Amino acid sequence: MNKGGGWSRLLTSLVVLSALSIRPLEARDIPRLLLCIHLEGAESSLLETYTPLLGQDGLKRLLSEGVLYANADYGFPIAEPQSALATLVSGCYPREHNLGWGTDYTELFRSSQRGVNTSSRLSPERLSYCTVGDVLRDVTQGKASVYAISATAPEALTLAATGASGAFWLDETNGMWASSAYYPALPKAFTEVNRAAQSLRNTIAKQVWTPLRRASSPLPSHYLPQPLEGDFRYSFVGAHAYREYISSPLVGDEITRFATALLQESAVEKSSAPTILNITYPLAPKHAGTPYSPYSAEALDAYLRADKAIGSLLQVAEKAFGAEHCLFVVTSAPRIAGAAKVTPPSNSVKKPLYSPAKATALINLYLSALYGKENWVERTTSNAVYLNRTLIERKALSIRELQLRTAALVREMDGVAEAFAVGEATSGDNLSMRMLRAIPLSGRADVLVRLDATTYVSEGNVEYLNNPPTALSPLPCWLIIAHPGGKAKRITRPIEMVALAPTLAYILRIRPPTGAQGAPLEEWLLLE
């Protein structure tokens, strides 16, 4: 147990209780709308660079009225956007919420539940973490509305989890807004947006992606792979038209259209319980499955379009709920570059090659020589080794001893930069701790493996260059929390994103989600 962390959490709890006792709670202290906007694939360095190019009604306005935490970190290397989103709504790391390295998201969301406007049968029923929305729905006895909107199903279901009112995404085969029958009550906006004349199904043939406006990047020209001033033009036709649209920044227009209708509907409901709306905007566009450079004209256009969408939503929210009843949150998560499949390296050029299957065989051979011939390894991936714990317990061996021996062997393998026994990772080393947090506890990893960036991974008949998900060390991201009419603050001290959920719970005057690891950010502990 981290005793220092325990005392810190206890002291923070006392501060919270003291702050709450300053004066009696009043209804006006609790926002009626919590609008959370997640910028997926956003580089904080580019947010800083492109801010002068943005309009006055979106991010610039939030920066002038809210608190910007410019040095926020997730506390673990991100492999998929779902792991970051789950941390934001739950306040815990992948180790606890179980969406991290090695998670099979296709299988995770697979369900017998009927799809709505989609042939895919998906639901959040296998998710095990608690969210701020779950607690709010419980406290208000189901009267609060909690929704999630995203371009794709895994992200929407991750944000909504099991206790939300609904999760919505675009179906890539028919272009309609889709959902899961797991959520029994669909809002009117869901049907109306799909049937409207301006629905994506009715407009896809006319959709063309061109620059929102001509803009010159503040970056030096040698940063840019092509002239940024050059025009581009992409249309969406053929069998994959909807899929290509969903991976382009234009999808933000469709997200904003649905979010606008949902906000307007929620505002006129008789219930005065708060509404939470989580939205993701993609800032790492792709075309034909290939991502654009972060410094390309297409990427800049994604930032400009997301900023315009944010400005539009802020106006809709304030008009529908009243500015004094709104709280706005913006988060960023770094671009995630998947490992590109490549032609196997030439035999004439020796390149580091790591094969999980070969690693399994070598570890089994090594441990068999020490402890007897057995299958000591359950499985090995490119970032972890899972030992046969049932066998180890049956033979009354020390699991820690086998973990340490396995880690020592893996360190000697080609292409491996470092390997940690799980027991070593809990000893306080920052790098190993970050890796440990990224691997779900349900997987029971015994040894954490970090490959060199130049290592090729061999799985089956496919070889690909190892591409770490994001930097293993802390990677600054943005977190903005803003009340309309508030005062601008820029906080540069390091914080972790696990603090967001407890902070929002405090602002809503509800308990934090079960399992939340962070404490409320101090700027929000005292009532004004």
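Everything quoted here is computed from the prediction, not taken from an experiment.
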Tell me the closest heavy-atom pair linking [X] and [Y], and the distance in Å.
X	Y	result
Thr210	Arg305	O-NH2, 2.8 Å
Cys326	Pro31	C-CB, 4.4 Å
Asp57	Gln315	OD2-NE2, 3.7 Å
Glu244	Ser247	O-OG, 3.0 Å
Pro77	Ala438	O-CB, 3.9 Å
Tyr129	Leu99	CE2-CD1, 3.9 Å

Once rounded to the nearest 0.5 Å, what's the spacing between atom [atom1] of [X] and atom [atom2] of [Y]?
X	Y	atom1	atom2	result
Asp171	Ser179	CG	OG	11.5 Å
Leu88	Asn278	CG	CG	8.5 Å
Ile204	Tyr245	CD1	OH	6.5 Å
Leu159	Cys36	CG	SG	9.0 Å
Glu125	Leu108	CD	CG	10.0 Å
Ile255	Ile149	CD1	CD1	8.0 Å

[Y] side chain reached by [X] side chain, heavy atoms, under 4.5 Å:
X	Y	answer
Thr131	Val146	no
Ile279	Phe258	no
Leu250	Glu254	no
Trp478	Leu68	yes
Phe321	Leu263	yes
Leu53	Pro218	yes
Ser165	Tyr183	no
Leu34	Pro274	no

Side chain of [X], backbone of [Y]: donor and acceptor closer than 3.5 Å?
X	Y	result
Arg137	Gly142	yes
Thr256	Ala309	no
Asp73	Leu475	yes
Thr381	Asn383	yes
Thr87	Ser83	yes
Asn174	Asn117	yes
Asn98	Pro440	no
Asn202	Ala196	yes
Glu496	Gly75	no
Tyr182	Thr162	yes

Would you say [atom1] of [X] has more than 12 non-hydrogen atoms from neighbouring residues, nucleotides or ligands within 6.0 angstrom?
X	atom1	value
Gln141	CD	no
Lys60	NZ	yes
Arg126	CZ	yes

Just by distance, no angles: are the side chains of [X] and [Y] close enough, under 3.5 Å, to form a donor-acceptor pair?
X	Y	value
Gln113	Ser123	no
Ser44	Ser332	no
Glu43	Tyr50	no
Glu298	Tyr234	yes

So if I apply the side-chain contact (heavy atoms from CB on, under 4.5 Å) rule between Ser145 and each of Ile276, Leu277, Thr275, which one comes out positive? Thr275

Ring center gap for Phe236 and Trp209 short of 6.0 angstrom: no

Leu504 and Trp524: side chain to side chain contact (heavy atoms under 4.5 Å, CB included), yes or no, with the steps? CA-CA 9 Å; Leu504 297 181; Trp524 301 92; over 6 Å; no

For the pair Phe109 and Tyr105, name the ring-plane relationship: parallel under 30°, tilted 30 to 60°, perpendicular over 60°. parallel

Report the C-alpha distance between Tyr93 and Leu436 in whole Å, list the side-chain angles of each, state the deciding distance to 0.1 Å, and finish with yes or no for side chain to side chain contact (heavy atoms under 4.5 Å, CB included). CA-CA 10 Å; Tyr93 302 106; Leu436 182 67; over 6 Å; no

Would Leu157 and Gln82 count as a side chain to side chain contact (heavy atoms under 4.5 Å, CB included) if you check the C-alpha gap in whole Å, the side-chain angles of each, and the deciding distance to 0.1 Å? CA-CA 9 Å; Leu157 292 169; Gln82 290 86 350; over 6 Å; no

Within 45° of the axis and under 6.0 Å from the centre of the six-membered ring of Tyr506, does NZ or CZ of Arg509 qualify? yes

Check against side chain to side chain contact (heavy atoms under 4.5 Å, CB included), Leu33 and His325: CA-CA 6 Å; Leu33 172 67; His325 299 303; over 6 Å; no

